[in-house]
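Worth saying up front: this structure is predicted, and the values here are computed from it rather than measured.
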Amino acid sequence: MWRLRESTHPVLTDEGGALLDEHTGRWTHLSPTAAAAVMLLLAGATHEEAAGQYALRYSLAAEQAAADVRTVAGTLTAQGLAATEPPRRGRRWWGWWR
């Protein structure tokens, strides 16, 4: 599952958006299409479902939509703003001393 990291705060609209990294204080600005891809991924859709909805929204071929969604997700993950692993659920009781 793709998600934004806890330290990343999104401001997303249909006209574009930005992501604030609270660790660095930097904003990453998104085009309207990149913001749409992020919104679809954050809605809980898989990459394939997000690409299908993205293709319908922008009248794109399925391959192009999948490449666009993968590019946005990959770029934000590489920048440390997003992750593909499941969120951590806190510490286990036996790990309290760490």
Side-chain angles (χ1 to χ4, degrees):
M1 181 174 118
W2 189 88
R3 63 178 178 82
L4 293 176
R5 294 208 184 263
E6 290 181 17
S7 61
T8 303
H9 304 283
V11 179
L12 303 170
T13 69
D14 288 335
E15 289 82 33
L19 301 172
L20 172 63
D21 182 351
E22 72 180 31
H23 290 299
T24 64
R26 292 185 179 173
W27 287 90
T28 299
H29 296 278
L30 303 172
S31 68
T33 54
V38 171
M39 284 192 272
L40 290 169
L41 288 165
L42 291 177
T46 64
H47 284 294
E48 294 79 21
E49 292 169 342
Q53 294 171 1
Y54 188 86
L56 289 174
R57 181 175 186 163
Y58 293 106
S59 301
L60 295 173
E63 298 82 21
Q64 181 62 50
D68 290 353
V69 170
R70 254 192 327 270
T71 299
V72 170
T75 300
L76 295 177
T77 301
Q79 291 177 353
L81 299 171
T84 55
E85 72 269 2
R88 293 186 178 177
R89 299 277 184 213
R91 294 196 141 146
R92 294 189 173 134
W93 66 271
W94 61 84
W96 63 270
W97 64 88
R98 293 183 190 171

Table please: side-chain donor-acceptor pairs of residues 64-80 below 3.5 Å, with sequence neighbours left out.
{"from": "Gln64", "atom 1": "NE2", "to": "Asp68", "atom 2": "OD1", "distance (Å)": "2.7"}
{"from": "Thr71", "atom 1": "OG1", "to": "Ala67", "atom 2": "O", "distance (Å)": "2.7"}
{"from": "Thr75", "atom 1": "OG1", "to": "Thr71", "atom 2": "O", "distance (Å)": "2.7"}
{"from": "Thr77", "atom 1": "OG1", "to": "Trp2", "atom 2": "NE1", "distance (Å)": "3.2"}
{"from": "Thr77", "atom 1": "OG1", "to": "Ala73", "atom 2": "O", "distance (Å)": "2.7"}

> Got a sec, which pairs hit side chain to side chain donor-acceptor pair (under 3.5 Å) with one end in residues 37-51, sequence neighbours left out?
Replying inline: Thr46-Glu48
>> For Arg57, give me all partners under salt bridge (Lys or Arg N to Asp or Glu O under 4.0 Å), at least two apart in sequence or on another chain.
In response: Asp14
> Which pairs count as salt bridge (charged side-chain N to carboxylate O under 4.0 Å, His left out) when at least one residue sits in residues 19-41, sequence neighbours excluded?
Replying inline: none
Going by atom type alone, with no hydrogens or angles, which donor-acceptor pairs under 3.5 Å involve a side-chain atom of residues 30-42 and a protein atom two or more places apart or on another chain?
{"from": "Ser31", "atom 1": "OG", "to": "Thr33", "atom 2": "OG1", "distance (Å)": "3.2"}
{"from": "Ser31", "atom 1": "OG", "to": "Ala34", "atom 2": "N", "distance (Å)": "3.2"}

> How many angstroms lie between atom OG1 of Thr8 and atom CZ of Arg3, to the nearest 0.5 angstrom?
Replying inline: 9.5 Å
>> Applying ring pair (Phe, Tyr, Trp, His ring centres under 6.0 Å) as the test, list every pair that has at least one member in residues 52-82; sequence neighbours left out.
In response: Tyr54-Tyr58
> Hey, what else clusters with Trp27 if you join Ile, Leu, Val, Met, Phe, Trp, Tyr whenever side-chain heavy atoms sit under 4.5 Å?
Replying inline: Val11, Leu20
